Amino acid sequence: SQELVGKKLLLNVRPTFHKTYNFSLNILKIHADYFVGALEQKKKENIEELKKTWLFYNNQSQNIGLPSFHIAVITGDKREWFRDFETILKESGFNYKITVFKSLVHGEKASGEVLKQLEKIHLQADKYNLVSVIRGGWGSEWMNWAKDLHLSMEVCNFPIPVMSAIGHTVDQSILDMVSKYPCKTPSEASQILIDI
(Lines give C-alpha, C1' and ligand atoms only; values in the text may rest on other atoms or scores of the structure.)
Protein backbone atom coordinates (compact mmCIF):
# COMPACT_ATOMS: atom_id res chain seq x y z
CA SER A 1 0.00 0.00 0.00
CA GLN A 2 1.33 3.48 -0.91
CA GLU A 3 0.15 4.68 2.53
CA LEU A 4 2.77 2.43 4.19
CA VAL A 5 5.77 3.53 2.09
CA GLY A 6 8.49 5.02 4.27
CA LYS A 7 6.86 3.91 7.54
CA LYS A 8 8.35 1.69 10.24
CA LEU A 9 6.71 -1.68 9.80
CA LEU A 10 6.91 -5.05 11.49
CA LEU A 11 7.11 -7.70 8.78
CA ASN A 12 7.45 -11.46 8.55
CA VAL A 13 9.65 -12.22 5.54
CA ARG A 14 11.23 -15.26 3.92
CA PRO A 15 14.61 -14.81 2.21
CA THR A 16 15.01 -16.82 -0.97
CA PHE A 17 17.89 -17.32 -3.33
CA HIS A 18 17.62 -17.61 -7.09
CA LYS A 19 20.62 -18.39 -9.32
CA THR A 20 19.68 -15.64 -11.78
CA TYR A 21 18.10 -13.00 -9.51
CA ASN A 22 20.16 -13.51 -6.30
CA PHE A 23 18.56 -12.91 -2.91
CA SER A 24 15.04 -11.58 -2.47
CA LEU A 25 12.72 -11.11 0.49
CA ASN A 26 9.20 -12.43 0.20
CA ILE A 27 6.81 -10.64 2.54
CA LEU A 28 4.63 -13.16 4.36
CA LYS A 29 2.79 -10.79 6.69
CA ILE A 30 2.58 -7.07 7.49
CA HIS A 31 1.69 -6.46 11.12
CA ALA A 32 -0.64 -3.47 10.72
CA ASP A 33 -1.17 -3.18 14.48
CA TYR A 34 2.49 -2.16 14.82
CA PHE A 35 1.97 0.63 12.28
CA VAL A 36 -1.38 1.69 13.79
CA GLY A 37 0.16 1.60 17.28
CA ALA A 38 2.86 4.06 16.19
CA LEU A 39 0.19 6.35 14.71
CA GLU A 40 -1.87 6.21 17.92
CA GLN A 41 1.23 7.07 19.96
CA LYS A 42 1.88 10.10 17.72
CA LYS A 43 -1.77 11.14 18.05
CA LYS A 44 -1.52 11.04 21.87
CA GLU A 45 1.68 13.10 21.79
CA ASN A 46 0.02 15.72 19.56
CA ILE A 47 -3.01 15.94 21.87
CA GLU A 48 -0.74 16.39 24.91
CA GLU A 49 1.19 19.14 23.08
CA LEU A 50 -2.03 21.01 22.27
CA LYS A 51 -3.33 20.69 25.83
CA LYS A 52 0.03 21.84 27.20
CA THR A 53 -0.19 25.06 25.17
CA TRP A 54 -3.81 25.65 26.32
CA LEU A 55 -5.01 25.72 22.71
CA PHE A 56 -7.06 22.56 22.72
CA TYR A 57 -10.51 24.08 23.36
CA ASN A 58 -9.99 27.48 21.67
CA ASN A 59 -12.10 26.87 18.57
CA GLN A 60 -15.00 25.54 20.61
CA SER A 61 -15.46 29.02 22.11
CA GLN A 62 -15.91 30.70 18.69
CA ASN A 63 -19.35 32.11 17.85
CA ILE A 64 -21.01 31.17 14.55
CA GLY A 65 -22.91 34.47 14.32
CA LEU A 66 -26.34 35.02 12.88
CA PRO A 67 -27.95 33.48 9.77
CA SER A 68 -27.77 33.67 6.84
CA PHE A 69 -24.52 31.79 6.89
CA HIS A 70 -21.61 32.08 4.49
CA ILE A 71 -19.71 28.81 4.73
CA ALA A 72 -16.17 28.15 3.50
CA VAL A 73 -15.95 24.48 2.54
CA ILE A 74 -12.62 22.69 2.19
CA THR A 75 -13.14 19.54 0.15
CA GLY A 76 -11.80 17.51 -2.73
CA ASP A 77 -13.35 17.46 -6.16
CA LYS A 78 -17.09 17.95 -5.84
CA ARG A 79 -18.16 14.37 -5.26
CA GLU A 80 -21.13 12.65 -3.64
CA TRP A 81 -20.22 13.79 -0.14
CA PHE A 82 -20.19 17.44 -1.22
CA ARG A 83 -23.39 17.04 -3.21
CA ASP A 84 -25.10 15.52 -0.15
CA PHE A 85 -23.92 18.42 2.02
CA GLU A 86 -24.95 21.07 -0.52
CA THR A 87 -28.30 19.46 -1.44
CA ILE A 88 -29.45 19.13 2.17
CA LEU A 89 -28.62 22.80 2.82
CA LYS A 90 -30.39 23.97 -0.37
CA GLU A 91 -33.50 21.91 0.36
CA SER A 92 -33.74 23.42 3.85
CA GLY A 93 -35.05 26.69 2.38
CA PHE A 94 -32.48 28.72 4.31
CA ASN A 95 -30.16 31.12 2.52
CA TYR A 96 -26.74 29.49 2.78
CA LYS A 97 -23.85 30.76 0.70
CA ILE A 98 -21.07 28.24 0.06
CA THR A 99 -17.55 28.99 -1.17
CA VAL A 100 -15.47 25.92 -2.04
CA PHE A 101 -11.73 25.71 -1.41
CA LYS A 102 -10.40 22.63 -3.21
CA SER A 103 -7.88 20.43 -1.45
CA LEU A 104 -6.73 16.86 -1.17
CA VAL A 105 -8.75 15.20 1.60
CA HIS A 106 -7.21 11.71 1.44
CA GLY A 107 -3.66 10.48 1.94
CA GLU A 108 -0.52 11.86 3.53
CA LYS A 109 -0.32 15.13 1.59
CA ALA A 110 -3.84 16.14 2.62
CA SER A 111 -2.79 17.76 5.93
CA GLY A 112 -0.51 20.24 4.13
CA GLU A 113 -3.14 21.04 1.49
CA VAL A 114 -5.96 21.49 4.02
CA LEU A 115 -3.64 23.66 6.11
CA LYS A 116 -2.90 25.90 3.08
CA GLN A 117 -6.62 26.36 2.45
CA LEU A 118 -7.27 27.15 6.12
CA GLU A 119 -4.51 29.78 6.04
CA LYS A 120 -6.07 31.29 2.91
CA ILE A 121 -9.50 31.43 4.60
CA HIS A 122 -7.93 32.81 7.81
CA LEU A 123 -6.81 35.92 5.88
CA GLN A 124 -10.43 36.66 4.93
CA ALA A 125 -12.20 35.08 7.91
CA ASP A 126 -14.47 38.10 8.38
CA LYS A 127 -16.34 37.04 5.20
CA TYR A 128 -17.41 33.68 6.68
CA ASN A 129 -19.43 32.38 9.60
CA LEU A 130 -17.88 28.93 9.55
CA VAL A 131 -15.35 26.74 7.77
CA SER A 132 -16.23 23.10 7.14
CA VAL A 133 -13.70 20.42 6.23
CA ILE A 134 -15.59 17.62 4.48
CA ARG A 135 -14.80 14.35 2.76
CA GLY A 136 -16.49 11.01 2.19
CA GLY A 137 -15.86 7.94 4.31
CA TRP A 138 -12.90 5.84 3.28
CA GLY A 139 -10.87 3.58 5.56
CA SER A 140 -9.17 5.10 8.58
CA GLU A 141 -5.73 4.65 6.96
CA TRP A 142 -6.74 7.46 4.57
CA MET A 143 -7.37 9.96 7.37
CA ASN A 144 -4.12 10.04 9.31
CA TRP A 145 -3.71 13.61 8.04
CA ALA A 146 -6.54 14.67 10.39
CA LYS A 147 -4.24 13.97 13.34
CA ASP A 148 -1.52 16.39 12.20
CA LEU A 149 -0.24 18.77 14.89
CA HIS A 150 0.24 21.85 12.64
CA LEU A 151 -3.22 21.46 11.12
CA SER A 152 -4.75 21.03 14.59
CA MET A 153 -2.97 24.14 15.90
CA GLU A 154 -4.35 26.18 13.00
CA VAL A 155 -7.87 24.96 13.82
CA CYS A 156 -7.36 25.79 17.52
CA ASN A 157 -6.31 29.33 16.62
CA PHE A 158 -8.97 29.82 13.96
CA PRO A 159 -11.05 33.00 14.43
CA ILE A 160 -14.35 31.39 13.31
CA PRO A 161 -15.86 27.99 14.15
CA VAL A 162 -14.54 24.94 12.34
CA MET A 163 -16.73 22.00 11.43
CA SER A 164 -15.02 18.66 10.90
CA ALA A 165 -17.06 16.28 8.71
CA ILE A 166 -14.58 13.81 7.34
CA GLY A 167 -16.85 10.80 7.02
CA HIS A 168 -15.69 8.23 9.52
CA THR A 169 -17.13 6.40 12.49
CA VAL A 170 -14.29 4.21 13.76
CA ASP A 171 -12.17 6.66 15.74
CA GLN A 172 -11.97 10.33 16.61
CA SER A 173 -9.28 12.41 14.96
CA ILE A 174 -7.57 15.38 16.59
CA LEU A 175 -9.32 17.54 13.98
CA ASP A 176 -12.64 16.33 15.43
CA MET A 177 -11.51 16.99 19.00
CA VAL A 178 -10.41 20.59 18.44
CA SER A 179 -13.25 21.63 16.08
CA LYS A 180 -16.32 23.37 17.41
CA TYR A 181 -18.59 21.01 15.45
CA PRO A 182 -17.28 17.44 15.06
CA CYS A 183 -19.54 15.49 12.69
CA LYS A 184 -19.39 11.90 11.50
CA THR A 185 -20.52 12.68 7.94
CA PRO A 186 -21.09 15.67 5.63
CA SER A 187 -24.84 14.94 5.80
CA GLU A 188 -24.78 15.24 9.59
CA ALA A 189 -22.83 18.50 9.24
CA SER A 190 -25.49 20.06 7.02
CA GLN A 191 -28.24 18.92 9.41
CA ILE A 192 -26.43 20.57 12.35
CA LEU A 193 -26.26 23.84 10.38
CA ILE A 194 -30.00 23.60 9.66
CA ASP A 195 -30.70 22.97 13.37
CA ILE A 196 -28.67 26.06 14.28
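Position 1 is the first residue of the sequence, and the numbers go up from there. Any value given below was found using the heavy atoms of this structure, including those in side chains, with hydrogens, waters and symmetry copies removed. Treat the numbers as computed from the prediction; the structure is a model and nothing was measured.
- Going from atom CD of E91 over to atom CD of E86 covers 10.5 Å, rounded to the nearest 0.5 Å.
- Under the 3.5 Å distance criterion, the side-chain polar atoms of Y96 are matched with a main-chain donor or acceptor of L193.
- In this structure a side-chain-to-backbone donor-acceptor pair under 3.5 Å is present from N46 to K147.
- Scanning all heavy atoms of the two residues, the minimum distance from P161 to K180 falls at CB-CD, 3.9 Å.
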For this session: Please step through side chain to side chain contact (heavy atoms under 4.5 Å, CB included) for the pair V133 and V155, ending with a clear verdict.
Result: CA-CA 11 Å; V133 182; V155 170; over 6 Å; no
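- Of all non-hydrogen atoms in Q62 and P159, the two that sit nearest each other are OE1-O, 2.8 Å.
- Within the 4.5 Å cutoff, the side chain of L175 has no heavy atoms near those of the V114 side chain.
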For this session: Start with the C-alpha distance between H150 and S111, add both sets of side-chain angles, then the distance that settles side chain to side chain contact (heavy atoms under 4.5 Å, CB included), and finish with yes or no.
Result: CA-CA 8 Å; H150 300 295; S111 61; over 6 Å; no
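- Expressed to the nearest 0.5 Å, how far NE2 of H70 lies from CG of N129 amounts to 8.5 Å.
- For the pair I196 and Y181, the minimum side-chain heavy-atom distance is below 4.5 Å.
- You'll find the side chain of I194 reaches within 4.5 Å of the side chain of F94, heavy atoms only.
- Atom CG of D84 sits about 11.0 Å away from atom CG of L89, to the nearest 0.5 Å.
- Note that SG of C183 and CZ of F85 are 8.5 Å apart. Values are rounded to the nearest 0.5 Å.
- Note that the CD1 atom of I174 and the OG atom of S164 stand 11.5 Å from one another [nearest 0.5 Å].
- Of the charged side-chain nitrogens involved, at least one lies within less than 4.0 Å of a carboxylate oxygen, so that E49 and K52 count as a salt-bridged pair.
- Partners of E45 according to the salt bridge (charged side-chain N to carboxylate O under 4.0 Å, His left out) rule, which considers only residues two or more places apart in sequence or in another chain, do not exist here.
- For the pair V131 and F101, the minimum side-chain heavy-atom distance is 4.5 Å or more.
- Judged by distance alone, with hydrogens and angles left aside, the side-chain atoms of T75 form a donor-acceptor pair with the main-chain N or O of I134 at under 3.5 Å.
- Residues meeting the salt bridge (charged side-chain N to carboxylate O under 4.0 Å, His left out) test with K127, sequence neighbours left out: none.
- A donor-acceptor contact closer than 3.5 angstrom is absent between the side chains of N59 and S179.
- In this structure, L123 places its CG atom where more than 12 heavy-atom neighbours from other residues, nucleotides or ligands lie under 6.0 Å away.
- Annotation: the span from I88 atom CD1 to S187 atom OG amounts to 4.0 Å, rounded to 0.5 Å.
- With salt bridges taken as basic N to acidic carboxylate O contacts below 4.0 Å, none links E113 and K109.
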For this session: Let me see the working for Q191 and E188 under side chain to side chain contact (heavy atoms under 4.5 Å, CB included), right down to the final yes or no.
Result: CA-CA 5 Å; Q191 192 56 56; E188 181 188 344; 5.6 Å; no
Exercise. Could you go step by step and tell me if I160 and L130 meet the side chain to side chain contact (heavy atoms under 4.5 Å, CB included) rule?
Worked result: CA-CA 6 Å; I160 58 174; L130 173 119; 5.5 Å; no
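- With hydrogens and angles disregarded, a donor-acceptor distance shorter than 3.5 Å links the side chain of Q60 to the backbone of M177.
- The minimum heavy-atom distance linking K102 with G76 is given by the pair CG-O, 4.4 Å.
- The backbone N or O of S173 lies less than 3.5 Å from a partner atom in the side chain of D176, making a donor-acceptor pair.
- Residue L118 is not grouped with residue L104 when hydrophobic side chains (ILVMFWY) are merged at heavy-atom distances under 4.5 angstrom, including chains of intermediate members.
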